Protein chains: 2
Amino acid sequence: MTVDDRPYHHGRLREALLDAAWRSVREHGAEQLSLRELAREVGVSHAAPRRHFPDRQALLDALAIAGFERMDVELRTAVAGAGADYRDRLVAATRAYFRFAVDDPALLELMYTGKHRPGADAVVAAVAAPLGLLEAMLAEGRERGELGDGDPERIGVLMFATVHGLAAMVKGRMVDREVAGGLVDDAVVRFLTGGVPSAAGAPGAADAQGAAGGALWTCPRP
Amino acid sequence: MTVDDRPYHHGRLREALLDAAWRSVREHGAEQLSLRELAREVGVSHAAPRRHFPDRQALLDALAIAGFERMDVELRTAVAGAGADYRDRLVAATRAYFRFAVDDPALLELMYTGKHRPGADAVVAAVAAPLGLLEAMLAEGRERGELGDGDPERIGVLMFATVHGLAAMVKGRMVDREVAGGLVDDAVVRFLTGGVPSAAGAPGAADAQGAAGGALWTCPRP
DNA sequence: ACCTGAACACCGTTCAAGT
DNA sequence: ACCTGAACACCGTTCAAGT
């Protein structure tokens with residue numbers, strides 16, 4: 001894995017630590033992350049990380065910031081690749097958020113818990129980029145007359161809450177990923193068309209429900 | 001605070017530990033909880049908790065179970081005190097969940113992370129009670145014809161996602177509690193009437209928005 | 001400039017021993 | 001039956017010292 005006998009003496013330690021930390025958080029959650037284990041994994045003394053991250057929280061903050069940056073890239077890439085139609089691009093954005101949240105739930109949690117910790121200004125600043133995309137898309141929808149009589153800000157908050165909440169339910173094993181994904185698509189379309197998200201059968205959601213035909217909830221009920 | 005010189009030798013240790021743990025989690029989160037500090041606080045040796053909780057996780061699980069039980073009580077109390085009208089009772093239930101989630105976010109997180117950990121059967125079982133209430137209320141709504149043409153199961157999942165998501169946004173300081181609470185009421189009513197939750201002005205939500213008049217989001221944007 | 005090694009104060013867990 | 005005290009292996013953080 002290493003090029004020579006002293007692999008991390010030349011400025012790659014910071015990146016190597018972030019890389020190992022990301023894998024550790026992804027697999028075991030931020031709570032389990034151990035600086036000493038990270039240092040061992042990377043082949044460096046336990047005090048070495050201190051040069052790059054003053055303490056454990058600083059490393060977690062850096063990870064959270066990188067997470068928001070990656071989220072922003074993924075959202076914008078998804079929107080750019082969705083073609084010209086406004087609704088397609090909005091669906092692509094919400095799908096990308098849902099996918100990010102479901103694929104890496106521990107990172108998302110780290111991002112939000114890091115954000116509302118006092119003194120984490122850099123983390124708070126990092127959230128502005130992806131949030132700016134949502135705002136821009138809703139402003140565009142308003143201009144295009146795609147939002148009906150709805151208030152763009154209310155639509156934005158409720159859309160975020162719905163997608164975020166459905167992702168949380170998938171994380172908590174209350175609904176299957178595919179079912180929740182179908183509900184995301186459904187909800188977004190209906191937020192635009194003015195229908196209620198709860199009615200059956202939306203453009204792209206039929207197949208997600210279809211064959212299974214049974215219960216939506218996956219948790220045991222009385 | 002104590003009756004005599006040996007205050008916790010007679011079976012009250014378990015309750016005292018859970019009580020201290022609940023306060024600690026509520027204030028600093030589950031991650032920060034220290035068994036040794038708890039034992040110190042309660043006035044007992046650091047090994048004493050072991051008689052009642054085999055390890056740290058067992059104490060957290062007991063706390064999660066107690067959390068679901070308390071949630072169930074609060075939901076049912078709220079519904080019972082809301083009068084006879086179906087919609088009032090449904091709004092009362094969602095308000096109670098929102099209130100629980102916003103008032104004690106660290107406990108809620110502990111409850112859900114504890115739930116989807118392998119081997120936590122007792123925690124999984126405890127979630128059935130409050131979820132049963134939601135299911136019963138939607139079944140009643142269907143019988144009463146209050147759900148329009150919507151599928152009760154889809155309405156249930158989406159309502160849960162919306163309320164849970166809005167509570168998460170309050171926790172993350174993305175929206176104010178009052179604004180989110182107004183959106184909860186609004187969304188529930190519109191899930192029933194068949195309107196879209198995003199449109200402006202719902203029965204009980206006007207005042208929550210009103211005076212402030214400004215932005216719904218409370219986080220910095222570009 | 002970047003990393004090491006020893007030291008300090010904490011932690012969860014275990015286990016023989018006390019009452 | 002319930003609790004104590006010592007022990008073990010970990011942890012984050014600090015700091016003088018090495019290259």
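As the structure is a prediction and not an experimental result, all values here were calculated from the model. Proteins get letters first, then strands, A, B, ... in listed order; numbering begins at 1 in each.
- Minimum atom distance to the side chain of A/Arg36 is reached by D/dT13, of the listed C/dT13, D/dT13, D/dC3.
- In summary, B/Arg142 and B/Asp151 do not engage in a salt bridge, as defined by a charged side-chain N under 4.0 Å from a carboxylate O.
- Counting only heavy atoms from C-beta on, B/Ser34 has its side chain closest to C/dC11 among C/dA6, C/dC11, D/dG5.
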Dot-bracket assigned to DNA chain C with the 3.5 Å Watson-Crick/G-U criterion, [ ] for crossing and | for other-strand pairs, is ||.|||||...|||||.||

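- Closest approach to the A/Val44 side chain among D/dT14, D/dC11, C/dC3 is made by C/dC3 (side chain taken as heavy atoms from C-beta onward).
- Within a 6.0 Å sphere centred on CZ of A/Arg89, other residues, nucleotides and ligands contribute more than 12 heavy atoms.
- Across all strands, A/Arg14 comes closer than 4.0 Å to no nucleic acid atom at all (heavy-atom distances).
- Looking at which nucleotide of DNA chain D each of B/Arg51 and A/Pro54 is closest to, the 5′-most match is held by B/Arg51.
- With D/dT13, D/dA7, C/dG5 as the candidates, the nucleotide lying closest to the side chain of B/His46 is D/dA7.
- Atom OG1 in B/Thr94 sits 9.0 Å away from atom CE in B/Met137 (nearest 0.5 Å).
- For A/Arg70, the CZ atom sits in a packed shell: over 12 heavy atoms of surrounding residues, nucleotides or ligands are nearer than 6.0 Å.
- Comparing atom distances between the B/Asp55 side chain and each of C/dT13, C/dA7, D/dG12 picks out C/dT13 as nearest.
- Comparing atom distances between the A/Ala48 side chain and each of D/dG5, C/dC3, D/dT13 picks out C/dC3 as nearest.
- Not a single donor-acceptor contact under 3.5 angstrom links the side-chain atoms of B/Arg50 to the base of D/dT4.
- In the set D/dC3, D/dC15, C/dT13, the nucleotide with an atom closest to the side chain of B/Leu35 is C/dT13.
- When the shell of 6.0 Å around CZ of B/Arg56 is examined, it contains more than 12 heavy atoms from other residues, nucleotides or ligands.
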